[in-house]
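Shown next, in structure tokens, is the structure this report addresses.
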Protein chains: 2
Amino acid sequence: MQKMNSKNKIFIDKLRSSGLRPTNQRVEISKFLFNRKKTFHFTVEQLKNSMNLKRSKKISTATFYNTVHALKSAGYLKEFSLENNTSYYDTNVTSHHHFFDNGKVIDIKSDKITFQKLPEAPKGKKIKNVEVVIRLENNN
Amino acid sequence: MQKMNSKNKIFIDKLRSSGLRPTNQRVEISKFLFNRKKTFHFTVEQLKNSMNLKRSKKISTATFYNTVHALKSAGYLKEFSLENNTSYYDTNVTSHHHFFDNGKVIDIKSDKITFQKLPEAPKGKKIKNVEVVIRLENNN
DNA sequence: AATTACTTTATAATTATTCTAAAGTATGTG
DNA sequence: CACATACTTTAGAATAATTATAAAGTAATT
């Protein structure tokens, strides 16, 4: 019994267009992810912990995974990986790049990197996107 | 009791300089990884399967993980991740880039990509390396 | 209101990886 | 070259992230 006020419409729409019924749990997840000024990065575990901390009735792990996957497949989240066997998600789905600094991730706006030369895609393929990772280390 | 012929010296040296005694198992892993014309990509599971297939006495999982980690820490292997929570290793440790095509990885020589513009590292940090991933999709 | 379809949940299963502890092998010292 | 010490290997247990399962709940359709 979702109270379908216009305030939530945008979050509900993301769910619907991801093929998900806008249940209470899902709407809360969608709001938590997208109802903010700045984009951010998270793991499912982090998302679950920060949302469930404030809740008396916890949302289950499976619901977090299902919802995040559907949102990702629909293009509302972008997945990336570091070298620790964990999936990270980014609410910034526009093409952009990253600094990786010992497990910390910092966005780089797309226009901060431009190419002089790029290879062509192999035959029968085309380029979906180009992502740059700049690994940092301490300056000493 | 390693038979220390000059044929294996290069593989043994990689182990030694990774802080590992050149035991039989390790020398075989080192040879399997580095005794080839072309560099290649692998997961520990793939490495284990392909090496153990031909062996009567199997090398244990832990030995594969230990050896790969030491070689990686010493800089003889490069680690990278796809979106499937598995670590991949690359015997090509020179700076280079990748095509990712549905889980398949293809090397791109470093000189095939050049930059017109790159951001500066945040204060107190410096750039360790820059890696580009070009994601491919089918052309239709 | 009844039927059908989709969700949530707790829990089990799976996968990749790391840990542990016992048994094996090598190295160093005298 | 014997013995003590140190490092290795191994099988199996433990852990972490994720996915699968199946029962109970909720929503949508007739």
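In what follows, every chain begins at residue 1, and chains take the letters A, B, ... in the order their sequences are listed.
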Notebook entry, point to check: Reckon B:T86 touches a base, only the sugar-phosphate, or nothing at all at heavy-atom distances under 4.0 Å?
Noted result: sugar-phosphate

Checklist line | Of the listed nucleotides D:dT18, D:dT10, C:dA10, the one nearest the side chain of A:A62 | finding: C:dA10

Next item on the list: Mark yes or no: B:K78 above the aromatic ring of B:Y89, with NZ or CZ under 6.0 Å from the six-membered ring centre and no more than 45 degrees from the axis.
Entry: no

Next item on the list: Grab the OH-C1' distance between A:Y88 and D:dA17 for me, whole Å please.
Entry: 12 Å

Notebook entry, point to check: Do A:K31 and A:E28 meet the salt-bridge criterion of a basic N to acidic O distance under 4.0 Å?
Noted result: no

Check: Considering heavy-atom distances to DNA chain D, does B:T61 or B:G19 have its closest nucleotide positioned more toward the 5' end?
Finding: B:G19

Next item on the list: Go through D:dT9, C:dT17, D:dA17 for me and flag the one nearest to the A:Y65 side chain.
Entry: D:dA17

Next item on the list: Would you classify B:S87 as touching base, sugar-phosphate or nothing, given that sugar-phosphate means primed atoms plus P, OP1 and OP2, and contacts are heavy atoms under 4.0 Å?
Entry: sugar-phosphate

Notebook entry, point to check: How would you list, by chain and number, every residue that makes a side-chain contact (heavy atoms from CB on, under 4.5 Å) with A:S73, sequence neighbours excluded?
Noted result: none

Next item on the list: Please determine if a side-chain N or O atom of B:Q25 lies less than 4.0 Å away from the OP1 or OP2 oxygen of D:dT10.
Entry: yes

Check: Within this structure, what is the CD-to-P distance between B:E83 and D:dT19, rounded to whole angstrom?
Finding: 13 Å

Notebook entry, point to check: CD of A:E28 versus P of C:dT8: gap in Å, rounded?
Noted result: 11 Å

Checklist line | Nearest listed nucleotide, side chain of A:S60, among D:dT8, C:dT17, C:dT8 | finding: C:dT8

Notebook entry, point to check: Does a side-chain N or O from A:H69 land closer than 4.0 Å to OP1 or OP2 of D:dT18, or not?
Noted result: no

Margin query: I'd like to know if A:E120 and B:K112 make a salt bridge, using a cut-off of under 4.0 Å between side-chain N and carboxylate O.
Written below: no

Checklist line | Residue pair A:T63 / A:Q25, side-chain donor-acceptor N/O under 3.5 Å | finding: no

Check: Between B:N85 and D:dT18, is there a side-chain N or O to OP1/OP2 distance below 4.0 Å?
Finding: yes

Check: Rounded to whole angstrom units, what separation is found between the CG atom of A:N66 and the P atom of D:dA17?
Finding: 18 Å

Notebook entry, point to check: Which nucleotide, D:dA28, C:dT17, C:dT9, lies nearest any side-chain atom of A:K57?
Noted result: C:dT9

Next item on the list: Write down the distance between CZ (A:F64) and P (D:dA17), rounded to a whole number of angstrom.
Entry: 15 Å

Next item on the list: Indicate whether OP1 or OP2 belonging to D:dT10 is found under 4.0 Å from a side-chain N or O atom of B:T63.
Entry: yes

Notebook entry, point to check: Nearest-Å distance, NZ (A:K58) to P (C:dT11)?
Noted result: 16 Å

Check: With a 4.0 Å cut-off on heavy atoms, is B:K48 in touch with a base, just the backbone sugar-phosphate, or nothing at all?
Finding: nothing

Notebook entry, point to check: B:R21 has an atom CZ; how far is it from atom C1' of D:dC7, in whole Å?
Noted result: 4 Å

Next item on the list: Mind calculating the distance between CG (A:N84) and C1' (C:dT15) to the nearest angstrom?
Entry: 16 Å

